[in-house]
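Proteins get letters first, then strands, A, B, ... in listed order; numbering begins at 1 in each.
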2 protein chains.
Amino acid sequence: MGATKTEEFTLADITIAKYAKALGHPARIAILRILLERTSCICGDIVEELPLSQSTVSQHLKELKEAGLIKGDIEGKKVCYCIDAQAWKEAQQLLQVMFGKYKPCDTSCC
Amino acid sequence: MGATKTEEFTLADITIAKYAKALGHPARIAILRILLERTSCICGDIVEELPLSQSTVSQHLKELKEAGLIKGDIEGKKVCYCIDAQAWKEAQQLLQVMFGKYKPCDTSCC
DNA sequence: ACTTTTAATCGTAATTTTACGATAATAAAA
DNA sequence: TTTTATTATCGTAAAATTACGATTAAAAGT
């Protein structure tokens, strides 16, 4: 036991959960904020901005990459990270639709 | 090691990560969808709709509750779950603002 | 009072995540 | 070519997550 039963759910739920999971750590939110701040994407000094070691930041970057939310292109000695426009929009849309489905309930219990 | 360095980040990042983490599993997305479907919130048959055992579903419900996204009121023999309007709106807003910050980058690398 | 129903909690096991230092790997600079 | 800078990966350890069966707790029904 312990392994997530991913197969048993709908693709929509799996996809939204994948994106949400990637967003589920303050360090990764912080990384995304750094990438969101710039219009250009020459970025390689993410490590200095975070209270974590280089290897740990690299790991978080990997997870964001695996979720599809960011891309990393080798630019000489450094690696240039930026947000993946397509995945970003998909995640945004999926979450937006889900959050928009809420309607205040009419029974007394809540 | 292994413990998340939660203290070192901004409250905004911690909060958004907390909500995202709660959304980071297909089962919990499925649960939220079930709750979103109804305008009333007499719900106690969430277990039947999921391919998981009762104890596992209960655990997922607990995590959603701890993140603040849902509430559970005891209604006689059953427990009545529903979405917490305030937390829901906060999560929605935080995510919306963050996702809205994206602007396509102008350099060649991406 | 006893039984049934419903949901939480406990105990346990496997897996995954988080984190770091140390070590590669790669490309630019000297 | 050797050195330096930058990032990824490996190895490892602690902690958290996921999952389930068994048990407990509480309320309702008999």
Side-chain angles (χ1 to χ4, degrees), chain A residues 1-9 13-14 17-31 34-35 41-67 69-82 109, chain B residues 1-9 13-14 17-31 34-35 41-67 69-82 109:
Chain A
M1 295 124 198
T4 301
K5 279 191 164 178
T6 304
E7 326 76 34
E8 314 255 20
F9 298 94
D13 288 359
I14 292 165
K18 178 194 72 177
Y19 287 131
K21 195 179 182 184
L23 298 174
H25 194 287
R28 293 195 288 271
I29 298 292
I31 289 170
I34 292 167
L35 297 184
C41 60
I42 298 105
C43 5
D45 23 45
I46 300 168
V47 179
E48 278 95 79
E49 304 207 36
L50 296 178
L52 296 168
S53 76
Q54 183 266 320
S55 57
T56 303
V57 172
S58 194
Q59 218 172 275
H60 282 301
L61 286 166
K62 195 184 175 190
E63 274 170 82
L64 287 169
K65 240 187 288 178
E66 276 167 0
L69 287 172
I70 67 170
K71 290 188 294 184
D73 283 341
I74 297 152
E75 195 87 352
K77 206 190 279 187
K78 297 198 173 187
V79 173
C80 154
Y81 286 106
C82 55
C109 70
Chain B
M1 295 126 196
T4 302
K5 279 191 164 181
T6 304
E7 327 74 34
E8 314 255 20
F9 299 95
D13 287 0
I14 293 165
K18 178 193 73 177
Y19 287 132
K21 194 179 184 185
L23 298 174
H25 193 289
R28 293 196 287 272
I29 298 291
I31 288 170
I34 291 168
L35 297 184
C41 60
I42 298 104
C43 6
D45 24 45
I46 300 168
V47 179
E48 276 96 81
E49 303 207 35
L50 297 177
L52 297 169
S53 74
Q54 183 265 319
S55 57
T56 303
V57 173
S58 194
Q59 220 172 272
H60 282 301
L61 286 166
K62 195 185 175 187
E63 274 169 82
L64 287 169
K65 242 187 286 179
E66 275 167 1
L69 287 171
I70 67 169
K71 290 188 294 185
D73 283 340
I74 297 153
E75 195 88 351
K77 205 190 281 187
K78 296 198 174 186
V79 174
C80 154
Y81 287 106
C82 55
C109 71

**OP:** Using atom NE2 of B/His60 as one end and atom P of C/dT9 as the other, report the distance to the nearest whole Å.
**Re:** 15 Å

Original post:
Does the side chain to side chain contact (heavy atoms under 4.5 Å, CB included) test come out yes or no for A/Leu23 and B/Leu23, once each step is laid out?
Top reply: CA-CA 9 Å; A/Leu23 298 174; B/Leu23 298 174; over 6 Å; no

Subject >> A/Ser53 side chain near A/Thr56 side chain, heavy-atom distance below 4.5 Å >> reply: yes

Subject >> Interatomic distance, B/Lys62 NZ vs D/dT18 C1' [rounded to whole Å] >> reply: 13 Å

Original post:
Considering only heavy atoms from C-beta outward, does the side chain of A/His60 approach that of A/Leu52 to under 4.5 Å?
Top reply: yes

**OP:** Kindly indicate whether the side chain of B/Arg28, heavy atoms from C-beta on, has any atom under 4.5 Å from the side chain of A/Asp13.
**Re:** no

**OP:** Can you tell me the distance, in whole Å, between the CD1 atom of B/Ile31 and the C1' atom of D/dA19?
**Re:** 13 Å

Original post:
Rounded to whole angstroms, how far apart are CZ on B/Arg28 and P on D/dA16?
Top reply: 15 Å

**OP:** Please name the pair of heavy atoms, one in A/Leu50 and one in A/Ala30, separated by the smallest distance, quoted to 0.1 Å.
**Re:** CD2-CB, 3.6 Å

Original post:
Base, sugar-phosphate alone, or nothing: which one does B/Gln59 contact when heavy atoms must sit under 4.0 Å apart?
Top reply: base

Original post:
Of all heavy-atom pairs between B/Lys78 and B/Asp45, which one has the smallest distance, and what is that distance?
Top reply: NZ-OD2, 4.2 Å

Original post:
For DNA chain D, what residues of residues 17-27 of chain B have any heavy atom nearer than 4.0 Å?
Top reply: B/Lys21, B/His25

**OP:** Measure the spacing between OH of A/Tyr81 and CG of A/Leu35 and express it to the nearest 0.5 Å.
**Re:** 9.5 Å

**OP:** Rounded to the nearest angstrom, tell me the gap between atom CG in B/Asp73 and atom C1' in C/dT6.
**Re:** 16 Å

Original post:
Between A/Phe9 and B/His25, what is the ring plane arrangement, given parallel below 30°, perpendicular above 60°, and tilted in between?
Top reply: perpendicular

**OP:** Can you see which heavy atom on A/Ala22 is nearest to which on A/Leu69, and at what distance?
**Re:** CB-CD1, 4.0 Å

**OP:** Looking only at side-chain atoms of B/Ser58, point me to the closest of D/dA8, C/dA8, D/dT18.
**Re:** C/dA8

So which protein nitrogen or oxygen atoms get under 3.5 Å of nucleotides 21-30 of chain C's nitrogens or oxygens?
unit_1: C/dG21; atom_1: N7; unit_2: A/Ser55; atom_2: OG; d: 3.2
unit_1: C/dG21; atom_1: O6; unit_2: A/Ser55; atom_2: OG; d: 3.4

Original post:
Taking atom C1' of C/dA8 as reference, at what distance in whole Å does atom CD of B/Glu66 sit?
Top reply: 12 Å

Original post:
To the nearest angstrom, how far is B/Leu52 atom CG from D/dT17 atom P?
Top reply: 17 Å

Original post:
Can you tell me how far C1' of D/dA28 sits from NZ of B/Lys78, to the nearest Å?
Top reply: 12 Å

